[in-house]
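Structure first, commentary second.
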Amino acid sequence: MSGQRVLNMAREQLATAASILNIDEGLHQVLAHPVRQVIVNFPVVHDNGEVAVYEGYRVQHNLSRGPTKGGIRFHPDVDVEETTALSMWMTWKCAVVNIPYGGAKGAVKVNTKQLSRREIEKLARRYATSINMIIGERSDIPAPDIGTNAEVMGWIMDTLSMQHGYTVPGVVTGKPIELGGSEGRVEATGRGVVVSAIEACRATGIDFEGAKIAVQGFGNVGSVAARLSEQHGAKVVAVSDATGGIYNENGLPVNELYQKFSGVEGGIRNYKECDEISNEDLLEVKCEVLMPSAIQEQITEKNAKKIKAKLVVEGANGPTTPEADRILGDKGVMIVPDILANAGGVVTSYFEWVQDLQNFFWEEDQVNDRLAKIMQRSFASVHDMAVKHKVDMRTAAMLIAVQRVAEATTMRGIFP
Ligand code: NAD
């Protein structure tokens, strides 16, 4: 999807919410535009001595509810429009779970598969330096996204700390625990997905214990969601990764799959007591709960009619297209939208930031308990809103988020 299409989609979603909430046109326009878009071009000396110039972005969408927060993506297809749309979604995600942040996003147009580890480090450090005038522990706090990880966050933290002359752990989240990262951060998104699924089951009269679950994607989000679902007594009947999926109607031993086959050549397909299925088949298996936790645009107008799940809990960002949303809605399928279902990551990033600012670190149980409470409370408020306005959960989540951001923006007033 081109960046402009993604941005149009984000603006369309905002327009729908603004119209239901009766937000005046001036305020709607404020929310439809990012506060800052910085485009940087910076050189990196490659291992062979050649110099290459890279283009990067940092976009801050709305500052009304607090400093901005959002991941950094290293990917060849990024552009400033896509980064802007993603920053807007971060604003709504932080608002729907009511943590005191606005949304931001960063990106560098690069194929990291063509770079050595040393080149990626130099790229990350130089990009961080290029945007250092707008990021900071009190202003805008990056985190990992596609193509970046805890190691990259560690380099960025070190780079900014070198420039300050002292260690500033709160300038990024998703860091290694040794550098001020939080217990529970790695599992947080998958954990939040499972809490959302349990709440959605409760709201729709499905018993999560014994419920059949299908999970697309067996990476950070999907593998944790599958393993925690199993721990809560659900039966995970199908999982998949980029190479395809496996299915057993009696349940798969997901913990064992994770221990034995993650990162191994051939992945989960090495497991034999199951049927091999494609990623498309996985979406259509008989189950109560489907957790698309891989990539965007997986449930579309082509396959939505064939989906048998009663609940779709979006671990991935943007797995369901607007057309599929309508089809599933007509079939009575509840969709727990991405900005709610996968918000566990940013909630625990918020915990990490709070711990860094206080230099006081929590036990893993405290992190997980607080995360579960926030996810449960957020699910309840979105569900109440959906019932009150007779809208689907995605629209309800947007209504809550946009209302909170609009209120904060109005209360602060327009300077000067
Ligand atoms: P990951 O890279 O760890 O895992 C992605 C998984 O999807 C892998 O198992 C991969 O094999 C699989 N996959 C890749 N292409 C696929 C395809 N075409 N069909 C089926 N499976 C495919 O990534 P992740 O961190 O688990 O993120 C997954 C999704 O969750 C993304 O949409 C991401 O934006 C979203 N998300 C992640 C976090 C987080 O904290 N990691 C937070 C919020 C949202």
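Counting convention: from 1, in listed order, for ligands and their atoms alike.
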Ignoring hydrogens and angles, write down the donor-acceptor pairs under 3.5 Å from the side chains of residues 282-295, residues two or more places apart or on other chains.
{"from": "Glu288", "atom 1": "OE1", "to": "Lys212", "atom 2": "N", "distance (Å)": "2.7"}
{"from": "Ser293", "atom 1": "OG", "to": "Met291", "atom 2": "O", "distance (Å)": "3.1"}

Under 3.5 Å, which donor-acceptor pairs link side chains of residues 31-40 to any protein atom two or more places apart or in another chain?
{"from": "His33", "atom 1": "ND1", "to": "Gln29", "atom 2": "O", "distance (Å)": "2.8"}
{"from": "Arg36", "atom 1": "NH1", "to": "Gln60", "atom 2": "OE1", "distance (Å)": "2.7"}
{"from": "Gln37", "atom 1": "NE2", "to": "Thr84", "atom 2": "OG1", "distance (Å)": "3.0"}

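The contact shell of ligand 1, taken as protein residues with any non-hydrogen atom closer than 4.0 angstrom, comprises Arg185, Thr189, Gly217, Phe218, Gly219, Asn220, Val221, Asp241, Ala242, Asn279, Ser293, Ala294, Ile295, Gly315, Ala316, Asn317, Asn342.
Pairs of residues two or more places apart, or lying in two chains, that qualify as side-chain hydrogen bond (donor to acceptor under 3.5 Å, both in side chains) and include a residue from residues 385-404 are Glu314-Arg394, Asp325-Arg394, Asp392-Thr395.
A donor-acceptor pair shorter than 3.5 Å cannot be found between the side chains of Thr91 and Asn62. The closest side-chain donor-acceptor pair between Ser381 and Asp384, if any, does not fall under 3.5 angstrom.
With Tyr258 as the aromatic partner, Arg227 meets the cation-pi criteria of under 6.0 angstrom to the ring centre and within 45 degrees of the ring axis.
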